[in-house]
Amino acid sequence: MVTYNNAPVDTVGTRAAAGKHVVLVDMHTGFPTAELPDRIHPNEAGYVRMANVWYGAIGDLLR
């Protein structure tokens, strides 16, 4: 999973450096396994956490 999650880092960095409007949001770090009941998919609390992480990354862009 870590390898997969790290794969877009270079691509996003290259595109951002070229002036593209892209944001890479880390949804893995700090995600508690208690919010992944089947160890893959989030429960309701996990979806709330994900929404908050996304909003924290792009909220200023929406105003």
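For the atom pair Lys20 NZ and Thr11 OG1, the distance stands at 14.0 Å (nearest 0.5 Å).
Think of Val9 as one node in a network of Ile, Leu, Val, Met, Phe, Trp and Tyr side chains linked at under 4.5 Å; its network also takes in Val12, Val22, Leu24.
For the pair Gly30 and Arg49, the tightest heavy-atom approach, listed with the atom from each and the gap, is O-NH1, 4.2 Å.
In the hydrophobic cluster analysis, where Ile, Leu, Val, Met, Phe, Trp and Tyr join through side-chain heavy atoms closer than 4.5 angstrom, Tyr4 is grouped apart from Met27. Val48 and Trp54 end up in different hydrophobic clusters when Ile, Leu, Val, Met, Phe, Trp and Tyr side chains are linked at under 4.5 Å.
Remark: Tyr55 pairs with Arg63 by the side-chain hydrogen bond (donor to acceptor under 3.5 Å, both in side chains) rule, at least two apart or across chains.
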Could you list the donor-acceptor pairs under 3.5 angstrom formed between side-chain atoms of residues 38-46 and any protein atom two or more places apart in sequence or on another chain?
unit_1: Asp38; atom_1: OD1; unit_2: Ile40; atom_2: N; d: 2.9
unit_1: Asp38; atom_1: OD1; unit_2: His41; atom_2: N; d: 2.6
unit_1: Asp38; atom_1: OD2; unit_2: His41; atom_2: ND1; d: 2.7
unit_1: Asn43; atom_1: OD1; unit_2: Ala45; atom_2: N; d: 3.1
unit_1: Asn43; atom_1: OD1; unit_2: Gly46; atom_2: N; d: 2.9
unit_1: Asn43; atom_1: ND2; unit_2: Ala34; atom_2: O; d: 3.4

